[in-house]
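Just so we're on the same page: letters track the sequence lines, and every chain starts at 1. Nothing here was measured: the structure is a model prediction, and the numbers come from that model.
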Protein chains: 2
Amino acid sequence: MGKKKISDAVIRRLPKYYRYLGDLLENGINRVSSNDLSKMTGFTASQIRQDLNNFGGFGQQGYGYDAMNLREEINKILGLNQKFRVVIVGAGNIGQAVANYAGFYEEGFEVLALFDKNPKLIGLRIRDIEIKDLDDLPGYLDDNEIDMGVICTPKAVSQDVADILTSHGIKAIWNFAPTDIKVDDDVAIEHVRMNESLYTLAYYYKQKNDTEE
Amino acid sequence: MGKKKISDAVIRRLPKYYRYLGDLLENGINRVSSNDLSKMTGFTASQIRQDLNNFGGFGQQGYGYDAMNLREEINKILGLNQKFRVVIVGAGNIGQAVANYAGFYEEGFEVLALFDKNPKLIGLRIRDIEIKDLDDLPGYLDDNEIDMGVICTPKAVSQDVADILTSHGIKAIWNFAPTDIKVDDDVAIEHVRMNESLYTLAYYYKQKNDTEE
DNA sequence: TAGATTGTTAATCGATTAACAATC
DNA sequence: TAGATTGTTAATCGATTAACAATC
């Protein structure tokens, strides 16, 4: 409604707070100041307070933040307090990596099926999840309530897969294919840009080694 | 030297230009304007011209840019015009995915060895690259000239692995473990933040579905 | 209470966009 | 040449940082 738009930069810092708060709790630490978080995350204390105050006053003057409470608040802000029913399309190394990743399940992301068109893979099970024939994807989406699709296919077919997913009601797409995918405005999409990351690394490597100022 | 510092945001856009220029060339298109690139990338034409002019005047008034030339210039800027000798530490799904990814080789990244501590994996070959015992990593690094290490281990050991890599002269680390890693200032490091990406997706999914304003 | 630390406003900084002269 | 489009400066916008009153 009248809420001011939160910038993307803020949202992308929240997972980092969330992770460090989890680390603190694992170590039995329950009290944390913006200054503590600053040391951990590398963001300024001022920025951290600004970020959090976009969503509410979670701290207490003179004390700081309760780590568990703050973590739960961020959990809610990010929408991690719901279950996500997930299908993975493309059951190669990356698809399998996602299916196998335990941290995924801990936050409520439940992988229900993988799809591939490789006959050698169809029928196999990853973590007890069956790899199904890609041709069965539309029917599967019609018969099951799925929230999120993970695209782990080669780039040549990633847009087609996205089209199948969205035309069958999927509103969240996590894309590992090295390409941009176009979706309607009501679909959330995130790209894991491995190539971009690698090339950026190459650049900074070069900076540090070529031009030892 | 006296060069003005290029902002990180600029660097992270370069790979996208690079990719779209490649697409154009594949389609036999050799001339491109900042306006064309704007339509493809979603960045403004003005921003694209600004970005490129940080590095030189690659265009021609009234004409635009020569796609092949511009692509080569970006290749050089990013430091992709050199070979990278790479080791992958952690030969699970992600490590194997990286080793198998063809786009990696096309840009001059050559994977020479994988390392793991799982006896079931040691001795296997991925793309004809042997998986070696993690214990042999320090010796291997001493005996071979390696530029880059890719960390695909669980987070509990990622810092230790990074320490081994850097203490044996590695100056570039590509980290897939879901944690921050500390390295000296002369080491370039890039994190592929899959968790952050996923949680951000959860947030935007929630925005689009909860608050149909 | 005194000390600590938040929440929040104001100041600064940097990045993006707009505009247009230069020029192919 | 006329038209197109860059390179580049100036204007705008937004994000970060600094500062401090509020208050636990």
Under 3.5 Å, is there a donor-acceptor pair linking the side chains of B:Tyr205 and A:Gln82?
no
Under 4.5 Å between any side-chain heavy atoms of A:Leu137 and A:His168, yes or no?
no
For D:dC24, which nucleotide is its Watson-Crick or G-U wobble mate, given both distances must be under 3.5 Å?
C:dG3
Measure CZ/B:Phe58 against C1'/C:dC24 and give the value in whole Å, please.
18 Å
Counting side-chain heavy atoms from C-beta on, which of C:dT6, C:dG7, D:dA15 comes nearest to A:Asn53?
C:dG7
Value in whole Å for how far the C1' atom of C:dT23 lies from CD of B:Gln60
9 Å
Just how far, in rounded Å, is P of C:dT16 from CD1 of B:Ile6?
13 Å
Winner on side-chain proximity to B:Ala9, out of D:dA4, C:dT16, C:dT6, is C:dT16
By nearest-nucleotide position on DNA chain C, the 5'-leaning member of B:Tyr63 and A:Gly59 is A:Gly59
Can you tell which of A:Phe115, A:Trp174, A:Phe176 makes a side-chain contact (heavy atoms from CB on, under 4.5 Å) with A:Cys152?
A:Phe176
Of the candidates C:dA4, C:dC24, C:dT17, the side chain of B:Gln47 sits closest to C:dT17
In Watson-Crick or G-U wobble terms, both distances under 3.5 Å, what is the partner of C:dA19?
D:dT8
Give a yes/no on whether any side-chain N or O of B:Ser34 is located under 4.0 angstrom from OP1 or OP2 of D:dT5.
no
Is the distance from OP1 or OP2 of C:dT17 to the nearest side-chain N or O of B:Thr44 less than 4.0 Å?
yes
If you measure from NZ on B:Lys208 to CD1 on A:Ile189, what distance do you get to the nearest 0.5 Å?
10.0 Å
Please give, in whole Å, the distance from C:dT6 P to A:Leu70 CG?
11 Å
Whole-Å gap separating C1' (D:dT9) and CG (B:Asn54)
14 Å
What is the separation between atom CD on B:Gln50 and atom C1' on C:dA19, rounded to the nearest whole Å?
12 Å
Assert: residue with more 5' nearest nucleotide on DNA chain C, out of B:Asp51 and A:Gln61, is A:Gln61
Taking the nucleotide of DNA chain D with the closest heavy atom to each, which residue, A:Asp8 or A:Ser46, is nearer the 5' end?
A:Asp8
Taking only the side-chain nitrogens and oxygens of A:Arg49, find out if one of them lies under 4.0 Å from OP1 or OP2 of C:dG7.
no
OP1 or OP2 of D:dT16 sitting under 4.0 Å from any side-chain N/O of A:Arg13?
yes
Is the distance from OP1 or OP2 of D:dG7 to the nearest side-chain N or O of B:Tyr65 less than 4.0 Å?
yes
Side-chain H-bond candidate by donor/acceptor type, A:Gln50 with A:Asn54, under 3.5 Å:
no
Output the rounded distance in Å from CG (B:Asp36) to P (D:dT6).
8 Å
Indicate yes or no: does B:Arg127 engage B:Glu110 in a salt bridge with an N to O separation below 4.0 Å.
no
Between C:dA4 atom C1' and A:Arg31 atom CZ, what is the distance in whole Å?
8 Å
